[in-house]
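Following: one structure in structure tokens, then a few remarks.
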Protein chains: 2
Amino acid sequence: MKVLIVEDDPLHRAYLGEAVRAALPECDTVLEAADGLAGERLAREHTSERVVLDLQMSPRNGIEAARTIWRERPETRILFWSNYADEANVRGISRIVPAGAAYGYVLKSASDERLRLALRSIFIEDQCVIDREVRGLQQKSAGAVSGFTDSEYEVLIDIALGLTDRTIARRRNLSLRSVQNRLQQLYEKLGVYQPNDGDAEARFNLRSRAVTVSLLRKLVNHTALERAEMDLARWLERDGHTQK
Amino acid sequence: MKVLIVEDDPLHRAYLGEAVRAALPECDTVLEAADGLAGERLAREHTSERVVLDLQMSPRNGIEAARTIWRERPETRILFWSNYADEANVRGISRIVPAGAAYGYVLKSASDERLRLALRSIFIEDQCVIDREVRGLQQKSAGAVSGFTDSEYEVLIDIALGLTDRTIARRRNLSLRSVQNRLQQLYEKLGVYQPNDGDAEARFNLRSRAVTVSLLRKLVNHTALERAEMDLARWLERDGHTQK
DNA sequence: AATCGACATGCGGGAACCCGCAGATTTGGA
DNA sequence: TCCAAATCTGCGGGTTCCCGCATGTCGATT
């Protein structure tokens, strides 16, 4: 049995290697890669069926790497190993996991024992293992009180990128007013309206403030922004042509 | 000789411990703490004179911890050990280092040897050691082409927090127009103006876009935002009283 | 069939924002 | 001491943004 480890921090990579060898005696070879691109390449060359992936790497973060790996072999078992439990990451992963695939999400702060169990459950038993704290986010993102619609998340990204209402409208094929409607819903759900103590004047620029609190609450993060920025650049390119 | 290590990741903590013992045979005791608060406490109890500090921890990140440590004993030698070379971090540190203090800034990606040299230079020779990549930022932040004035950085933070022009004016004791002037300079330096191909309409909301590119360029980061948010909350508190 | 909720769209107005212009004030050297 | 550069300030305007109100569509429920 082979296991591929993709992780940019050499310390964590060594630690993972140890953990894998200890938890999986049936594993005879451990491959290692230091970034997403190298990871994809190794996975392809060795037709890896078991992968441990760090999120936040560069170039090519864990989510992107997972997408291409799963596109080539959807039955690959992937364990995501990350520092944080951000909504941006969870949303990103649940968007790309193929039907029926075995995968897991374990935080780096987890104990050795929890990591060991996750490794065996996913790689041997083909079960899904999601860390408890991450689980909480998943529930929410599926539509509870603090849950956002996909379309609301879309405008959130768009204003985080700094787009104009009008531009958002064109990009999403909506009218100007509809975009503004979504924005209002977003402001509502983010609780971005000032307490409005009596007649106190407005202190916040709602649009910017919305981005701020999303960042503070980790609804979006740096890597999500980077990815969105690249998508945007591609769209701007296309739009520039068609508009002329 | 004693050395205090403050680092939340247990792996990195262990690695640092090893590195310190190897580089400094004259060091007989190594203390360890897992977050900023515990670090400050240990430093106080043991009157530590040599500290290795991780930035980005919680609660209480490295910069805050360094500030209280230096306030109590300005001659303490501190080695900052961090993942990134952000402008936000560099600016934060250079703001709090006492005159004549020995300190260093080494990236986690540095080689064992470089870390060893830094440890000896700072803790034994009382020299300052700044990683080359970080050095680059320091130059810039002191006023080159892409360098920002302190006041420009101030408004950047303020709009990143989502404040209104008017609120910024009150907070910084400026007129509305002055704030807007600074904003224009900021937009200029961030290169946030669209190429303006002929008569193409504006695609970006300048204000939001400015925040976006600052994030992408790591001029501000999550922890800087969090800190600024707390400062803001404190000011809002005070302002609420005086305004009534 | 009637009703309800979620979403899209138009209109209109008040507030905030972006910015050119021009005068005042401060600052840092010759 | 005096000049020049940088910074602060007010005025006026065009634009964008925020949002209440009204209308229309579509699917699910009763």
Side-chain angles (χ1 to χ4, degrees), chain A residues 142-145 147-196 198-214, chain B residues 142-145 147-196 199-213:
Chain A
V145 181
F148 294 78
T149 316
D150 279 347
S151 53
E152 281 158 3
Y153 198 72
E154 256 180 6
V155 280
L156 171 56
I157 295 293
D158 283 343
I159 63 169
L161 286 174
L163 292 180
T164 300
D165 286 6
R166 195 186 311 281
T167 311
I168 301 179
R170 221 187 23 259
R171 188 179 185 196
R172 306 296 182 189
N173 285 318
L174 288 173
S175 79
L176 225 165
R177 189 61 181 94
S178 299
V179 173
Q180 296 175 335
N181 265 336
R182 289 190 182 178
L183 280 175
Q184 279 184 254
Q185 298 163 218
L186 189 67
Y187 298 155
E188 190 68 40
K189 291 200 183 175
L190 282 175
V192 99
Y193 294 97
Q194 50 253 304
N196 206 347
D199 53 345
E201 68 189 74
R203 287 197 151 95
F204 288 122
N205 175 318
L206 295 183
R207 172 180 286 252
S208 302
R209 184 62 179 170
V211 177
T212 311
V213 320
S214 325
Chain B
V145 181
F148 294 77
T149 317
D150 280 348
S151 53
E152 282 158 5
Y153 197 71
E154 256 180 6
V155 279
L156 172 57
I157 295 293
D158 284 341
I159 64 171
L161 286 173
L163 293 179
T164 299
D165 286 7
R166 195 187 309 281
T167 310
I168 301 179
R170 224 190 18 261
R171 188 178 185 198
R172 306 297 183 189
N173 286 317
L174 288 174
S175 79
L176 200 68
R177 190 59 181 93
S178 298
V179 173
Q180 295 176 336
N181 265 337
R182 290 189 180 180
L183 280 175
Q184 278 184 256
Q185 299 165 217
L186 188 66
Y187 298 155
E188 190 67 40
K189 292 201 182 174
L190 282 174
V192 99
Y193 294 97
Q194 51 253 302
N196 205 348
D199 52 347
E201 69 189 75
R203 285 196 153 98
F204 289 121
N205 174 318
L206 295 182
R207 187 192 203 73
S208 302
R209 185 62 180 170
V211 177
T212 311
V213 322

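Fair warning: this is a prediction, and the values are worked out from it, not measured in the lab. Numbered from 1 within each chain, the chains take letters A, B, ... in sequence-line order. All values below were derived from every heavy atom in this structure, side-chain atoms included, with hydrogens, water molecules and symmetry-related copies excluded.
- Direction of the helix axis in the helix from C:dA1-D:dT30 to C:dA30-D:dT1 shifts by 30° between the two five-pair termini, rounded to 10°.
- The closest donor-acceptor contact from the side chain of A:Arg203 to the backbone of B:Leu163 lies at 3.5 Å or more, if one exists at all.
- Counting to the nearest Å, the P atom of C:dA15 and the CZ atom of B:Arg166 are 10 Å from each other.
- Inter-residue side-chain proximity for B:Asp158 and B:Val179 is flagged as unmet; no heavy-atom pair is nearer than 4.5 Å.
- For A:Arg207, the listed nucleotide lying nearest its side chain is D:dC17; candidates were C:dC18, D:dC17, D:dC19.
- Remark: C1' of D:dT16 and CZ of B:Arg209 are 18 Å apart, rounded to the nearest angstrom.
- The side chain of B:Asn205 places no N or O atom within less than 4.0 Å of a non-bridging phosphate oxygen (OP1 or OP2) of C:dC17.
- Side chains of B:Glu154 and B:Ile157 form no contact here, defined as non-hydrogen atoms less than 4.5 Å apart.
- A:Arg203 has its CZ atom 19 Å from the C1' atom of C:dC17, to the nearest Å.
- Closest approach of A:Ala210 and A:Val192 over heavy atoms only: N-CG2, 3.8 Å.
- Per the geometry, CG belonging to B:Leu186 stands 15 Å off P belonging to C:dC17, to the nearest Å.
- By the 4.0 Å N-to-carboxylate-O rule, A:Arg170 lies too far from A:Asp165 to be salt-bridged with it.
- Although no hydrogens or angles enter the test, the distance criterion places no donor-acceptor pair under 3.5 Å between the side chain of B:Ser208 and the main chain of A:Ser208.
- With sequence neighbours left out, B:Asn205 forms a side-chain hydrogen bond (donor to acceptor under 3.5 Å, both in side chains) with no residue at all.
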Revision key, fill the gap. With B for base contact, S for sugar-phosphate-only contact and - for none (protein heavy atoms under 4.0 Å), nucleotides 4-13 of chain C reads ----SBBB--
Exercise for review: Quick one: do B:Thr149 and B:Lys189 satisfy side chain to side chain contact (heavy atoms under 4.5 Å, CB included)? Show the steps, please.
Suggested key: CA-CA 11 Å; B:Thr149 317; B:Lys189 292 201 182 174; 4.1 Å; yes
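- Rounded to whole Å, atom P of D:dC17 lies 14 Å from atom CG of B:Asp165.
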